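Notes follow the structure.
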Amino acid sequence: MQIRGFNQFGWYRGLIIIRPMYILHRTFFIGGNDMKMSKMLIPTLREVPAEAEINSHKLMLRAGLMRRIASGVYAYLPLGFRTFKKVEKIIREEMDREDAQELVMSALIPAESYKETGRWDIFGPEMFRLKDRGDRDFCLGPTHEEIFTQTVKNGVKSYKNLPMTLYQIQTKYRDERRPRFGVMRCREFVMKDAYSFDMDEAGLEESYQAMYRAYSKIFDRCQLDYTVVEADSGAMGGSGSQEFMVKSDIGEAQIAYCDNCGYAANDEKAECLEPISSDDVKLLPIKEVKTLNVKTIEQLCEFFSCSAKTFAKTLIYKADDIVVAAIIRGDRELNETKLQNHLNCNELIMANDEDIFNATNAKVGFAGPIGLSIKVIVDLEVKGMVNFITGANKTDYHLINVNINRDTKNLEFVDIRTIGVGDQCPKCQNDISIARGIEVGHIFKLGDKYTKALDCTYLDQNGKSQTMLMGCYGIGVGRTMASIIEQNNDEYGIVWPMSVAPYQVIIIPINISNEVQATLANQLYTSLQENGVEVLFDDRKERPGVKFNDAELIGIPIRITVGKKAGEGIVEYKVRRTGDMDEIAVEKVITRVKDDISTL
RNA sequence: CGGGAUGUAGCGCAGGUGGUAGCGCACAUGGUUUGGGACCAUGGGGCCGCAGGUUCGAGUCCUGUCAUCCCGACCA
């Protein structure tokens with residue numbers, strides 16, 4: 001199927017016009033010429049706006065990098081936009097190095113594109129939807145698998161053109177239920193998304209590894225401390241995916257990692273091993289116990305005066321309208337991703353009171369594995385539990401001394417719990433550690449999920465039609481920028497790595513009204529600019545303290561102060577990150593700056 | 001979507017029991033200052049989120065609504 005206005009020549013013509021404008025703007029013009037602070041929009045704040053909670057968000061507002069437009073929608077101000085463009089530039093360079101081709105798709109997308117793969121419905125309320133004047137459905141693109149696949153389908157016919165990786169750096173729209181933490185999780189955000197198209201598995205693997213290399217270099221160049229973790233690929237299908245996680249306490253994802261063997265995985269994905277059961281405990285006969293109004297695990301612990309580990313809790317879920325039961329040890333957390341993958345369903349929600357009553361014949365709080373007629377999935381760990389307590393499927397009753405192998409049959413045993421502290425590494429059995437991370441990048445082997453649905457094929461050497469295999473790869477640009485701040489700040493403000501600093505140097509004349517200082521500072525400013533250094537000139541009629549504080553807040557790596565010794569041709573040179581400070585002759589500034597730019 | 005909180009000047013906040021809206025910072029002008037967020041004087045800036053209601057009178061009381069943030073649920 002062809003999208004209107006999107007035929008083979010249409011999109012190609014579009015590229016010719018749009019791409020040069022876009023690239024010129026974003027790649028080469030990091031900024032204008034006059035970098036005098038007295039005329040620039042850098043609205044720093046002394047106090048933290050009430051809207052911000054985490055460090056990076058507070059600092060981005062205080063340093064005048066951005067402002068909120070609506071919940072989850074932000075504007076980047078001049079200083080913030082410079083860093084933003086630098087991150088984009090790094091991404092662009094590393095993508096290009098791996099022979100990915102840049103293009104730009106539209107953000108406004110007709111519904112048909114998503115209807116064919118079913119995602120028009122699957123996305124649900126997370127997709128921003130709108131209609132044109134002819135009442136046709138459109139959306140603001142949340143992600144572009146369909147569009148890229150269609151474009152490649154129409155533009156690539158032969159094995160001779162493969163493999164091919166395309167990417168764009170473009171604004172995405174997702175109507176998040178709860179935007180959070182400034183640009184970390186927002187509703188309008190810029191994403192670098194790339195899509196690879198290959199002939200076979202081996203090719204996909206190669207394209208995937210190329211992106212792995214590119215991503216590692218990108219985050220290295222941003223000086224981020226990150227880990228690559230195994231990620232869940234269930235809902236998207238495909239054969240594997242990894243996330244690039246920036247270690248941070250404010251991260252929304254939990255990572256399970258092993259210091260011994262290097263295993264690291266998102267906790268949605270991390271496997272839990274089946275514990276070795278000991279057989280020397282005597283199995284006792286089942287007994288029914290009246291537990292009037294004792295429903296929760298806490299209440300049960302108190303009632304039976306024992307720990308949560310002696311219970312098996314039964315959770316009732318609705319998987320695409322089918323009611324199922326999931327059983328895990330009382331103190332464990334159910335991993336909904338694992339359960340959803342096992343059930344292979346689109347939607348998994350906790351059942352309501354009515355469904356629970358119909359399924360268990362009892363009020364909420366008294367469900368158990370024995371006598372249930374619905375599908376029951378039991379966590380591997382429960383297999384080894386001896387004489388445990390569980391609901392009796394009868395209001396106000398529990399059963400004690402239940403043993404799953406003895407007392408039930410035909411249940412499915414699956415790993416459905418979330419890994420936690422005290423668990424073992426699935427690879428080497430050492431103790432696993434848990435940390436939090438911010439997902440800044442995700443690489444994904446999609447396989448034929450989209451190419452098959454959209455019939456994206458090529459002709460092989462034998463003239464036979466084959467389905468292409470696809471990978472997709474995303475980086476959140478704003479999120480990366482915020483993560484850099486999250487990992488690089490101190491009590492005074494941001495400490496930008498040189499590679500992404502909005503300016504490399506800031507010149508501060510102590511007293512701009514002093515002619516000697518003003519002249520020297522101006523000369524220095526001009527000669528640094530002539531030498532290709534990105535320099536900010538604080539020519540404001542402010543007291544020194546104000547300028548120093550602002551310079552530190554906005555995090556410029558090198559500060560040059562022109563003060564008392566201006567007459568002798570001596571200035572003060574300070575490195576933001578280390579705090580190292582010394583006085584040097586003006587003539588030596590250029591060399592020193594160039595040196596520091598290449599090493600810091 | 002459930003729970004909690006907050007909306008008063010650009011930012012941070014104060015405004016018992018109703019009586020013409022204030023403070024600090026920021027901003028403008030003049031002056032004195034100039035190596036770590038100066039001081040003095042003068043000045044500008046407000047539909048107290050919005051809409052109803054009660055009242056002679058509402059920032060304050062009542063109802064509704066919108067927005068923002070936090071916790072949770074959810075999630076390419």
Side-chain angles (χ1 to χ4, degrees), chain A residues 41 43-54 57-58 61-62 64 67-73 114 117 119 122-127 141-146 172-182 185-187 189 191 193 195 231-238 241 243 250 252-253 266 268 317 333-334 336-337 340 346-350 352 439 441-444 446 449-450 472-476 479 491-493 508-514 517-518 538 540-553 559-566 571-572 574 579 581 583:
Chain A
L41 178 63
T44 57
L45 298 172
R46 194 179 295 201
E47 287 177 280
V48 185
E51 69 187 70
E53 194 70 17
I54 63 163
H57 189 190
K58 288 179 187 171
L61 292 170
R62 283 195 56 213
R67 287 292 183 264
R68 194 189 74 230
I69 302 296
S71 177
V73 181
Y114 289 97
T117 54
R119 292 214 292 182
I122 290 172
F123 268 113
E126 201 169 304
M127 189 145 85
T143 175
H144 283 67
E145 280 79 8
E146 283 84 352
K172 298 281 184 279
Y173 296 87
R174 292 183 196 173
D175 196 356
E176 292 281 348
R177 267 185 204 183
R178 181 143 110 80
R180 240 199 286 217
F181 299 150
R185 170 165 297 266
C186 46
R187 300 194 292 172
F189 61 100
M191 186 184 198
D193 48 326
Y195 305 85
D232 173 65
S233 52
M236 295 279 284
S241 88
E243 290 164 334
I250 62 111
E252 293 183 83
N266 189 311
E268 287 180 342
Y317 274 87
E333 233 175 273
L334 183 88
E336 292 189 353
T337 305
Q340 188 167 4
N346 283 325
E347 191 185 50
L348 182 72
I349 49 169
M350 291 207 77
N352 59 29
E439 180 191 339
H442 198 162
I443 55 176
F444 223 115
L446 290 172
K449 180 170 169 136
Y450 294 92
C472 73
Y473 317 90
I475 292 178
R479 190 183 278 190
E491 55 181 308
Y492 304 107
I508 299 182
I510 290 294
N511 182 357
I512 193 77
S513 312
N514 177 308
Q517 291 183 19
D538 194 348
R540 295 176 300 170
K541 286 194 171 79
E542 289 287 350
R543 292 174 60 85
V546 174
K547 297 188 189 181
F548 289 150
N549 280 308
D550 272 348
E552 271 147 21
L553 177 60
R559 185 183 91 190
I560 296 170
T561 309
V562 181
K564 283 189 202 112
K565 297 189 181 168
V571 297
E572 177 191 283
K574 186 175 182 183
M581 186 158 76
E583 295 187 331

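Every value quoted in this text rests on a predicted model; they were computed, and no experiment measured them. Numbered from 1 within each chain, the chains take letters A, B, ... in sequence-line order.
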Original post:
Stepwise, does the salt bridge (Lys or Arg N to Asp or Glu O under 4.0 Å) test hold for A:Glu552 with A:Arg559?
Top reply: CA-CA 9 Å; A:Glu552 271 147 21; A:Arg559 185 183 91 190; 3.3 Å; yes
Subject >> Separation between the P atoms of B:rG4 and B:rC75, rounded to whole Å >> reply: 24 Å
Original post:
In whole angstrom, what separates A:Ile54's CD1 from B:rC71's P?
Top reply: 10 Å
**OP:** Considering just the side-chain nitrogens and oxygens of A:Arg178, establish if one lies under 4.0 Å of OP1 or OP2 belonging to B:rC70.
**Re:** yes
Subject >> Distance between P atoms of B:rG19 and B:rC62 (Å, rounded) >> reply: 15 Å
Subject >> A:Arg68 CZ to B:rG49 C1', straight-line distance once rounded to whole Å >> reply: 13 Å
**OP:** Determine: side-chain N/O of A:Ser71 to OP1/OP2 of B:rC69, distance under 4.0 Å, yes or no.
**Re:** yes
Original post:
Between B:rG36 atom P and A:Asn549 atom CG, what is the distance in whole Å?
Top reply: 10 Å
**OP:** Using the C1' atom as the reference point in each nucleotide, state the distance between B:rG36 and B:rA73 in Å, no decimals.
**Re:** 48 Å
Original post:
On RNA chain B, nearest-nucleotide positions of A:Ala52 versus A:Arg185: which is more 5'?
Top reply: A:Ala52
**OP:** Name the nucleic acid region contacted by A:Asn514, choosing base, sugar-phosphate or nothing; use a 4.0 angstrom heavy-atom cut-off, strictly under.
**Re:** nothing
Original post:
B:rU60 and B:rU17: how far apart are their C1' atoms, nearest whole angstrom?
Top reply: 10 Å
**OP:** Please measure how far the C1' atom in B:rG45 lies from the corresponding atom in B:rG22, and state the result in whole Å.
**Re:** 14 Å
**OP:** Under 4.0 Å between any heavy atoms, over every strand shown, what does A:Ala50 touch: base, sugar-phosphate, or nothing? Just pick one.
**Re:** sugar-phosphate
**OP:** Report yes or no: does A:Lys172 contribute a side-chain atom to a donor-acceptor pair with the main-chain N or O of A:His144 at less than 3.5 Å?
**Re:** no
Subject >> Distance, P atom - from B:rC23 to B:rA9, rounded to whole angstrom >> reply: 14 Å
Original post:
In whole angstroms, how far is the P atom of B:rC74 from the CZ atom of A:Phe123?
Top reply: 19 Å
Original post:
For atom P, what is the distance between B:rA5 and B:rC61, given to the nearest Å?
Top reply: 15 Å
Original post:
Just checking A:Glu252: base, sugar-phosphate only, or nothing, at a heavy-atom cut-off of under 4.0 Å?
Top reply: nothing
Original post:
Say you pick atom C1' in B:rA14 and the same atom in B:rU6; how far apart are they, in whole Å?
Top reply: 15 Å
**OP:** Can you check whether any acceptor in the base of B:rG36 is under 3.5 Å from a donor in the side chain of A:Glu552, or vice versa?
**Re:** yes
Original post:
Below 4.0 angstrom from OP1 or OP2 of B:rC75, is there any side-chain N or O of A:Arg174?
Top reply: no
**OP:** Nearest-nucleotide wise, let me know which of A:Val546 and A:Thr143 is further upstream toward the 5' end of RNA chain B.
**Re:** A:Val546
Subject >> A:Glu47 side-chain proximity, nearest of B:rG12, B:rC75, B:rG35 >> reply: B:rG12
Original post:
Taking OP1 and OP2 of B:rG72, is either one under 4.0 Å from a side-chain nitrogen or oxygen of A:Arg180?
Top reply: yes
